[in-house]
Amino acid sequence: KNMTKTVKPFIKPFLTHYPEIDENVYIAETAVERAEFSQTFNQLVSAGNVDKVWIKGDSLATWGAGVDVMATIASSGVSFSVVAEQRPNN
């Protein structure tokens, strides 16, 4: 077995979009750098374009990134839900 081959993890589609695993936060299909998420999201809220947010991550997302995103959304006053799926039994 070739142990040097990089295998990308499978990401189940969400809203028919397959984001790459990276340091970005996605707003719909648009990648936003994590450091710029708060400003970008708050601009969308100020423009009146946000009613509800669904947050979905995977096992490779860091807890800190998720907490940062949830804190930004919570402080905006917009309601959000976390989308979760049961891990399959292997």
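From Ser46, atom OG reaches atom CZ of Phe41 across 10.0 Å, with rounding to the nearest 0.5 Å. If you take CD1 on Ile55 and CD1 on Ile73, they are separated by 4.0 Å, rounding to the nearest 0.5 Å. One finds the OG1 atom of Thr72 at 5.5 Å from the CZ atom of Phe37 (value rounded to the nearest 0.5 Å). Rounding to the nearest 0.5 Å gives a distance of 14.0 Å between OH of Tyr26 and NZ of Lys56.
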| Between Asn24 and Glu33, is a side chain to side chain contact (heavy atoms under 4.5 Å, CB included) present by the stated rule, with each step listed? | CA-CA 5 Å; Asn24 291 321; Glu33 289 185 25; 3.8 Å; yes
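Between Lys52 and Ser81, the shortest heavy-atom distance links the atoms NZ-OG, 2.7 Å. Minimum heavy-atom separation, Val78 to Val50: CG1-CG1, 3.6 Å.
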